[in-house]
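In what follows, a structure is listed as structure tokens, so that the remarks can point back to it.
Sequence lines set the chain letters: A, B, ... in the order given, protein chains first and strands last, and positions in each chain run from 1.
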Amino acid sequence: MLKVVLPDGSEKCYEKRVSPLDVASEIGAGLAKATVAAVVETTTETGETTTATISSTDLLPESGEVKLRLLTKKDPEALGILRHSCAHVMARAVLRLFKGVRLAFGPTTDNGFYYDFWKEEPFTEDDFAKIEAEMAQIIKADEPFERIEMSRDEAIKLLKAAGETLKVEHLETGLAENETVSFYRQGEFVDLCRGPHIPSPRFIGAFKIMSTSSAYWKGDANNQQLCRVYGTAFFDKKDLDAYLTRLEEAKKRDHRVLGKKHELFMVDPKIGSGLVVWLPKGAVIRKQLENFIYEELIKRDYQPMYSPVICRVELFETSGHYPYYADSQFPPITMDDGDRYLLRPMNCPLHVMVYDSKPRSYRELPLRLAEFGNVHRFEQSGELNGLTRVRGFTQDDAHIFCTEEQVESEFKNCVDMTLKVLKTMGFEEYEVRLSFRDWTSPKYVGDPEVWKKAQASLERACHEMNLPKLEIVEGEAAFYGPKADFIVRDCLGRQWQLGTIQLDYNLPSPQRFNLKYVGADGELHQPVMIHRAPFGSFERFTGILIEHFAAAFPLWLAPEQVRVLSISEKFENYAKDVAAKMKAAGLRVGLDLSPEKIGAKIRVGRNDLIPYLCVVGAKEEESGTVAVRGRKQGEMGAINVDQFIADLKQENAERRL
RNA sequence: GCUGCCGUAGCUCAGUCGGUAGAGCGCGUCCUUGGUAAGGACGAGGUCAUGAGUUCAAAUCUCAUCGGCAGCUCCA
């Protein structure tokens, strides 16, 4: 006998085997019709609970007790199930339309799903309509999804007969012999699949093939290339429309588009791919960011330093960065006498040299060396992307040399600084990823015991500081130490790492730079090194910032903070006087004396996203005022010039958003 | 780096069947001197990414190269 406990606490008992759909039917025909899938929580005899999402037609256990939650389209998990089923529908359509196609995998993604196929010729956009039409037929026919279980060996036999060589390989290499696997059948289409699925395609209210691309089998660049088709699906047509509208809107925020439109930066192949030129307006933004960070550095007892962007290769041989990363570095320059120089891909060895330039005492620690360090890396051509992935960039870098006991407080200070940065910019959507060691891999350096302690203290610090969306990823640590990354998304939903804090047990080690300090005990000890950059790089950070603000920068960052617009030529002198006064007060002011009507000047000023426009004519000249129009506030009426300047200075100094 | 798509004026884009190039915005000059999202007239501006090939003729068709975009892979 099976006891089913529902979320409201009510219980139902069954003698024969039932599915969630049977339970739903008993509650009501409406619920049965709306049930997409079910979440089942079972408790084993040892007291462990396991939660599984299953199809509504899958059978529940024969006996025992389960907690059952029926999913309808209102539940957040339901959409993923729908999309996974839609991926099957798409794969079925593709198999019907194209000969010689073999199936790989078809999972869901954040915004939809994809399916990878092996296919002789890649898909073209012309194929999209055909596939969509076939999918519509399949959805209309509304045949149920049906689960089939069998042993691994049976499954392999079946898949071999069907010619699904990729799936066979997956089973043969990835699964133990005695395991049971499941298939889902829908009409003539049978696919190896864990499930769950919607009962039948009728739930798919709207779907669309979005794009096509290539992908590697099992994500390995050494493997064969597959043809991937991306699509998305929703329960309701209006959700799809809203999603497509949102995508259109997001494209308008693209920093590459806005950067060009507002003349913030340029990248030109004649200069070199991935090599950014900051145009005057973009340079203003960068300078404000530098000033902001510099203030923070000084507050937090960092010591600024400068070092060359090119230095002897040997330095990077000592650090281990060369030749290990040679394929992503600009190759060394060899001089006539044989000396080789490398454009630096990292700042740390230079900072290490400063640390090591004299004997250090524990009394000097923590030593915090900061530099806006310009580095160059030869990124793969396919990776280059506006400001977010480039070949030359400047990190807001610093290296902290400290004792093991100081690591936790230093780490916290770095987190605090990064949070200050995010808060000042108004970033609310970000994730924190703690990357830890994979204990099975031999690639790491440093004492495992020290790692364990460090990882624990990092995690503790993160919890104490209430970091949101904290994610711990085992095996993602750099080979030299655990790290914490602050990750945000761009307008297209792609994730980018901005701030980073990394512990380093490698560079100070005897195999590398062999760093020491004299402890209170008079003995020599090895310091711990922390790399940290709250922005990451000015380039990437600015790129994300452009999208974050959609180029409508707050006053303190705006390249042109205020613009004076004259009503007509008669007021040119007054306009110039007002502008001069503002400039003298340290504001970045523009002047529009063009022979246009005021409406046109306002329009241009609005389109240029100037925070404040000041209209001046006869009334203003008489009263010593400006007629202000704020980007956010709209018309603000006449304001005394000195008062307005004081207000702006205040807003600027506060870095108000 | 891989796969696919793309490359026409400063920008956004049109250009049919192969017949030597267009619009809007921007820019310049002049007229207009005006009160909160576009006043008017005239004008300049292109080696159609580059190089080969096919053709009487190439922006258009073919190939190669370079670059861009999307995804994959990578990211000290």
Just compare [options] and give me whichever is closest to any side-chain atom of [X].
| X | options | value |
| --- | --- | --- |
| Ser381(A) | U3(B), G1(B), G67(B) | G1(B) |
| Gln380(A) | C74(B), G71(B), G67(B) | C74(B) |
| Lys260(A) | A76(B), G71(B), C11(B) | C11(B) |
| Ser273(A) | G67(B), U33(B), C72(B) | G67(B) |
| Arg377(A) | U12(B), C75(B), A70(B) | C75(B) |
| Ser568(A) | G35(B), U33(B), G1(B) | U33(B) |

Students often mix this up, so state it plainly: with edges at 30° and 60°, are the rings of [X] and [Y] parallel, tilted or perpendicular?
| X | Y | value |
| --- | --- | --- |
| Tyr480(A) | His531(A) | tilted |
| Phe401(A) | His399(A) | tilted |
| His321(A) | Tyr325(A) | tilted |

Within this structure, what is the [atom1]-to-[atom2] distance between [X] and [N], rounded to whole angstrom?
| X | N | atom1 | atom2 | value |
| --- | --- | --- | --- | --- |
| His531(A) | C75(B) | NE2 | P | 17 Å |
| Asp268(A) | G10(B) | CG | P | 13 Å |
| Met210(A) | C72(B) | CE | P | 14 Å |

For [X], report the nucleic acid contact type (base, sugar-phosphate, nothing); a contact means any heavy atom under 4.0 Å.
| X | answer |
| --- | --- |
| Ser319(A) | nothing |
| Gly320(A) | nothing |
| Tyr230(A) | sugar-phosphate |
| Ser211(A) | nothing |
| Arg389(A) | base |

Between Gln526(A) and Tyr505(A), a side-chain donor and acceptor under 3.5 Å: no

Using a cut-off of strictly less than 4.0 Å, decide whether [X] has a side-chain nitrogen or oxygen near OP1 or OP2 of [N].
| X | N | result |
| --- | --- | --- |
| Thr212(A) | A70(B) | no |
| Lys570(A) | G34(B) | yes |
| Arg494(A) | G71(B) | yes |

Looking only at atom [atom1], what distance separates [N] and [M], rounded to whole Å?
| N | M | atom1 | value |
| --- | --- | --- | --- |
| U50(B) | G68(B) | C1' | 15 Å |
| C63(B) | C69(B) | C1' | 23 Å |
| C56(B) | G10(B) | P | 34 Å |

Heavy atoms from other residues, nucleotides or ligands near CE of Met266(A) exceed 12 (cutoff 6.0 Å): yes

Centroid-centroid distance, Phe123(A) to Phe128(A), less than 6.0 Å: no

Intra- and inter-strand pairs of RNA chain B in dot-bracket (Watson-Crick or G-U wobble, both distances under 3.5 Å; | for another strand): (((((((..((((.....[..)))).(((((.......))))).....(((((..]....))))))))))))....

Per-nucleotide protein contact string for nucleotides 36-47 of chain B (B base, S sugar-phosphate only, - none; heavy atom under 4.0 Å): BBBB--------

Closest-nucleotide 5' rank along RNA chain B - winner of Ser213(A) and Tyr325(A): Ser213(A)

